[in-house]
Visitor: 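I have a structure here, written as C-alpha cells, and I will follow up with some questions on it.
Every value quoted in this text rests on a predicted model; they were computed, and no experiment measured them. Just so you know, these numbers use all the heavy atoms, side chains as well, and skip hydrogens, waters and symmetry mates. Along the sequence shown, residues are numbered consecutively beginning with 1.
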Amino acid sequence: MKFHQQEFKVRNLVDAYKSGSLARNAEYQRGAAWSIQQKQALIDSVFREYPLPPIFLEVKETVGLGGESAKKYEIIDGQQRILSLTEYLSDEFVLLSPSDQKLRLPISLGLMTK
C-alpha cells in the first residue's frame, strides 16, 4: 500500500466530515467510543501543540455527472479524533479546567512543579 503525508487544518477536517466528503465506513468502524475525558485530553493536546498520531484516509474517486472527477475520503484510522474535534468545535463539550488533576503530568517525568 502506498501513502503520502499531507497536513490538513483542523477546521478543514471538521468541515469535510460535516459535509460528508470525509466519511467513516460502518462496515468496519464502530461509532463514537471515546469518553468525554478522552475527548477533552485530545483537545488539550491540540492546544498544547503536542504531536498527534496520524490520521489515515483513503481517497475514493468517482466520475461526476459531467464527467469530472469527484473525490471523497474514507476514514481508515482516526475516527475518534475526528469526531472529538467535530464535537468540540460544535460546542458539544468544554475543555478541562487547567487545574484539573487529569491534565497533570505524571510525577515519573520529573517535570512537576510545587
Side-chain angles (χ1 to χ4, degrees):
M1 172 189 328
K2 292 185 179 184
F3 64 93
H4 71 276
Q5 184 174 331
Q6 184 175 351
E7 290 187 17
F8 293 100
K9 293 183 183 228
V10 169
R11 175 55 71 184
N12 292 350
L13 283 171
V14 169
D15 289 347
Y17 182 76
K18 285 182 171 183
S19 74
S21 63
L22 175 60
R24 68 183 193 91
N25 186 326
E27 288 183 28
Y28 62 87
Q29 287 184 325
R30 58 190 173 171
W34 277 10
S35 69
I36 188 74
Q37 290 83 13
Q38 289 171 300
K39 295 173 187 180
Q40 290 169 320
L42 173 75
I43 301 304
D44 182 71
S45 293
V46 169
F47 281 120
R48 292 175 191 249
E49 298 183 12
Y50 292 162
L52 301 178
I55 292 173
F56 289 89
L57 307 173
E58 182 179 2
V59 179
K60 300 286 189 173
E61 284 194 65
T62 58
V63 178
L65 185 59
E68 72 284 349
S69 176
K71 288 185 184 179
K72 285 194 173 192
Y73 296 83
E74 185 175 295
I75 303 166
I76 304 301
D77 183 58
Q79 175 187 236
Q80 301 306 317
R81 284 167 275 157
I82 292 169
L83 289 174
S84 297
L85 293 166
T86 302
E87 290 173 13
Y88 176 72
L89 290 177
S90 298
D91 293 324
E92 294 183 32
F93 65 90
V94 297
L95 290 178
L96 290 169
S97 164
S99 62
D100 194 303
Q101 288 296 308
K102 293 180 190 97
L103 295 179
R104 164 177 86 64
L105 292 172
I107 294 172
S108 61
L109 290 178
L111 301 173
M112 298 302 298
T113 59
K114 295 180 184 181

Visitor: If you group Ile, Leu, Val, Met, Phe, Trp and Tyr by side-chain heavy-atom gaps below 4.5 Å, do Val14 and Ile55 land in one group?
Guide: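 Unlinked, Val14 and Ile55 end up in two clusters.
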
Visitor: Could you tell me whether a side-chain N or O of Arg81 sits under 3.5 Å from a main-chain N or O of Leu52, the two making a donor and an acceptor?
Guide: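 Not confirmed, Arg81 side chain does not pair with Leu52 backbone.
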
Visitor: In terms of hydrophobic clustering (I, L, V, M, F, W, Y; side-chain heavy atoms under 4.5 Å; direct or indirect links), are Ile82 and Phe3 co-clustered?
Guide: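 Ile82 does not cluster with Phe3.
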
Visitor: Minimum heavy-atom separation for Ala16 to Ser19, with atom names?
Guide: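 Answer, listing the atom of Ala16 first, then Ser19: O-OG, 3.1 Å.
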
Visitor: Do Phe8 and Leu42 land in one hydrophobic cluster if side-chain heavy atoms of ILVMFWY residues count as linked below 4.5 Å?
Guide: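 No.
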
Visitor: Contact between Ile43 and Leu85 at the side-chain level, heavy atoms closer than 4.5 Å - yes or no?
Guide: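 Heavy-atom side-chain distance check passes, below 4.5 Å.
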
Visitor: Could you report the tightest heavy-atom contact between Leu22 and Leu13, atom names first, then the distance?
Guide: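 Minimum heavy-atom separation between Leu22 and Leu13: CD2-O, 3.6 Å.
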
Visitor: Can you name the nearest heavy-atom pair linking Ala33 to Gln80, along with the distance?
Guide: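 So the minimum-distance heavy-atom pair works out to N-OE1, 2.9 Å.
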
Visitor: Do Glu92 side-chain atoms and Thr86 backbone N/O form a donor-acceptor pair below 3.5 Å?
Guide: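 Flag not set: sc Glu92 to bb Thr86 has no pair under 3.5 Å.
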
Visitor: Do the side chains of Tyr17 and Val10 join up, straight or via other hydrophobic residues, at under 4.5 Å, putting them in one cluster?
Guide: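 Not linked; separate clusters.
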
Visitor: Kindly indicate whether the side chain of Tyr28, heavy atoms from C-beta on, has any atom under 4.5 Å from the side chain of Ile76.
Guide: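 Contact flag for Tyr28/Ile76 side chains = yes.
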
Visitor: For Gln79 and Ala32, indicate whether the former's side chain and the latter's backbone hold a donor-acceptor pair under 3.5 Å.
Guide: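 Checked: no pair found.
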
Visitor: Taking all non-hydrogen atoms of both residues into account, name the closest pair between Gln29 and Ile75 and its distance.
Guide: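 Heavy atoms only, the tightest pair is NE2-O, 2.9 Å.
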
Visitor: I'd like to know if the side chain of Glu87 and the backbone of Ser84 have a donor-acceptor N/O pair within less than 3.5 Å.
Guide: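 Side chain of Glu87 to backbone of Ser84, a donor-acceptor pair under 3.5 Å: no, none is there.
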
Visitor: Determine, step by step, whether Glu74 and Lys72 satisfy the salt bridge (Lys or Arg N to Asp or Glu O under 4.0 Å) criterion, reporting the C-alpha distance in whole Å, the side-chain angles of both residues, the deciding distance to 0.1 Å, and the verdict.
Guide: CA-CA 7 Å; Glu74 185 175 295; Lys72 285 194 173 192; over 6 Å; no

Visitor: What pair of heavy atoms forms the shortest contact from Ser69 to Glu61, and how long is it?
Guide: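 In terms of heavy atoms, the two residues are closest at OG-OE1, 2.7 Å.
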
Visitor: When the ring planes of Phe93 and Tyr88 are compared, do they come out parallel, tilted or perpendicular, using 30° and 60° as the limits?
Guide: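 Ring orientation, 0 to 90° scale: tilted.
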
Visitor: Would you say Glu49 has more than 12 foreign heavy atoms packed within less than 6.0 Å of its CD?
Guide: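 Counting neighbours around CD of Glu49, 12 or fewer heavy atoms of other residues, nucleotides or ligands fall under 6.0 Å, so no.
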
Visitor: Membership question, hydrophobic clusters at under 4.5 Å side-chain separation (ILVMFWY): are Val94 and Trp34 in the same one?
Guide: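 Trp34 and Val94: separate clusters.
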
